[in-house]
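Working notes, beginning with the structure itself.
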Amino acid sequence: MRIIACILLLLALPATQAVAQEVDTAPPRNEGEGPYQRLVLRGGILIDGTGAPPIGPVDIVVENDRIVEIRTVGYPGVPIRDDRRPEPGDHELDVEGMYILPGFVDMHGHQHTKQSGQGVTVEYVHKLWMAHGITTTRDVGSRGVDWLMDHKARSAANEITAPRMVAFPRFGQDFGRPIDTPEDAREWVRFIKDKGAEGIKFFGASPEIMIAALDEARQQGLRTTMHHAQLNVTRMNALQSASYGLTSMEHWYGLPEALFEDRIVQHYPLDYNYLNEQNRFGEAGRLWKQAAPPFSDRWNAVMDSLIALDFTLVPTFVAYLASRDLMRQSRNIWHALYTMPSLWDYYRPNRRAHGSYWFYWTTEDEVDWRENYRLWMTFINEYKNRGGRVCLGSDSGYIYNLYGFGYIQEMELLREAGFHPLEVIWSATLKGAEAIGLDHEIGSVQVGKKADFVIVEENPLENLKVLFGTGALKLNDDNGQVERVGGVRWTIKDGIVYDAKALLADVRRMVDAARAEAGIPPTPMPMFIETEGPTIIETGN
Ligand SMILES: [Zn+2]
């Protein structure tokens, strides 16, 4: 298939070139109603994002894009007395008994486009995010910086259906020349600041260059984050980079290295090659056990130092989930309905595609990864318990990790690590807003803040699965039928109300059209979505 596709591409080269120059952009907004002069959400149960328990019924009044009043209007289990309620609005949503949360902050987003390896439109990415309540994304590397700034401005003006964007371009991106000296690094930081970036995403560099870049970023008021790539981690681990002023880190590489006691270099097999991704991800799964054990002196000291530096962790657990159970992550029921054929193709074992490292993934690899997760989760949970900031990032578009759905999986993984569901929501909202310096505007439901909400019919604390676009399975005891409950009902961003289910229907249409175009049979309904008896899950390619 691939070879045929390549030949076809070659034959069609002149036309393809013309298409390639036409960079994929988000279409003008065609969804969402509002903002309203006065929008009233009636009778919901509020989870405000600060760690406080649910309270309700409440009425919430929004004027344009701002929350102006949150009023308790009764008690659970008894009717609401109308005389206590705020005045009518020019638009009202009856959310009685539903749960209202702040809009979610995704700290690790990539806006893939038709030109990315994933072959998806950015509209598809945005709609999956918005349908899962993500109203803010920290972009840590998309196509060009100008493209990102353009989309950021259009999202801020609500001209497109997309989360608010916080720009963290990749270090060195779009500079037009390599960064070889500390002065180059400083110049690039100023260049990106002028473009309107809020921060920088690093992968590591030589210490002189990193130190200069971090210093300049501090002077320019930019925040920073880093994926401590193994190529650079011996020269700067997470504790070292944090001490030079890095404000947050992605994933987890660099943490075990800061915790090494009996080595400096990870135990690489002697035929290891970083560009062989089965080597890279397989050996990563054996890394945490080489670090100082949980609650040892070294482990405690590194953790306490990072917390004292106000350092933020964005673990992106979900990005590695397939490593501990490839079959499960690759067969999640949402793939059949929502994964684009091109994305599916990108995930499959491929020595050239990032994150498609299943050349021969074994029981041994999965067992090691499960142990890796146990040690990693112990660190993350304790970091939170000692007052450290842990945020949610999804890093979707790789490794069977689908936009939107992966973010909710990340919530489940924090729960597995030991977070109370309220702590999960807190991390997903206010802590994320703090880490990007937007907590005065977003992150909690509070008078004066922007009107960003996620509204869901079921209680997400009881079952985080109700936030998945495919909802959660529930047996209806009244009629004996298996039903799907939940799925975000409305996502509200800047006071604009989006029907989350309509966004998902739109995405399904895109997937069906792409399948038709690729000559793949229409998406069959997976088992438990279709209620008329079991169906074998079959995605067709
Ligand atoms: Zn990433």
Side-chain angles (χ1 to χ4, degrees), residues 104-113 115-120 122 124-126 128-129 132 134 136-145 147-148 151-152 163 165-174 192 197-205 223-233 238 241 246-255 274-275 277 280-281 284 312-323 329 343 346-347 350 352-357 376 380 390-410 413-414 428 432 435-436:
F104 299 146
V105 179
D106 189 340
M107 291 287 282
H108 195 121
H110 298 284
Q111 299 181 66
H112 296 127
T113 64
Q115 290 75 28
S116 313
Q118 288 80 355
V120 297
V122 73
Y124 164 88
V125 175
H126 288 163
L128 281 172
W129 280 341
H132 286 87
I134 297 165
T136 303
T137 183
R138 184 177 65 159
D139 188 292
V140 289
S142 292
R143 55 176 319 103
V145 177
W147 183 98
L148 172 56
H151 280 74
K152 182 178 129 138
M165 294 167 202
V166 177
F168 275 53
R170 289 189 305 274
F171 182 54
Q173 195 177 0
D174 289 358
I192 217 73
E198 283 96 346
I200 302 166
K201 157 90 174 288
F202 293 96
F203 286 92
R223 289 162 198 265
T224 49
T225 196
M226 178 136 95
H227 164 173
H228 291 79
Q230 279 147 314
L231 294 173
N232 295 306
V233 76
S241 54
L246 188 74
T247 63
S248 63
M249 65 173 276
E250 307 305 294
H251 318 307
W252 55 282
Y253 310 107
L255 276 177
Y274 186 73
L275 290 183
E277 288 207 358
R280 180 169 150 195
F281 285 90
T312 299
L313 303 184
V314 184
T316 71
F317 287 127
V318 62
Y320 307 89
L321 198 48
S323 301
Q329 183 69 347
L343 189 53
Y346 183 83
Y347 292 149
N350 182 347
R352 290 195 173 91
H354 174 50
S356 305
Y357 47 86
W376 177 19
I380 297 296
V390 177
C391 298
L392 271 80
S394 67
D395 200 8
S396 299
Y398 310 91
I399 322 183
Y400 297 102
N401 172 13
L402 187 58
Y403 312 95
F405 290 91
Y407 188 83
I408 309 306
Q409 287 189 293
E410 183 69 8
L413 288 160
L414 284 173
I436 50 178

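Just so it is clear, the values below take in all heavy atoms, side chains as well, and ignore hydrogens, waters and symmetry mates. Atoms within each ligand, like the ligands themselves, are counted from 1 in listed order.
Between the E410 side chain and the L392 main chain, no donor and acceptor come within less than 3.5 Å of each other.
The aromatic ring centroids of W129 and Y407 lie 6.0 Å or more from each other. You'll find the ring centres of H132 and F104 outside the 6.0 Å limit.
Every residue meeting the ring pair (Phe, Tyr, Trp, His ring centres under 6.0 Å) condition with H227, not counting sequence neighbours, appears here in chain and number order: F203, H251, Y253. With sequence neighbours left out, D139 forms a side chain to side chain contact (heavy atoms under 4.5 Å, CB included) with Q111, S142, L148. For the side chain to side chain contact (heavy atoms under 4.5 Å, CB included) test, residues two or more places apart in sequence or in another chain that qualify with V233 are H228, N237, E257.
Here the protein contributes H108 NE2, H110 NE2, D395 OD1 as N, O or S atoms under 2.8 Å from the Zn ion (ligand 1).
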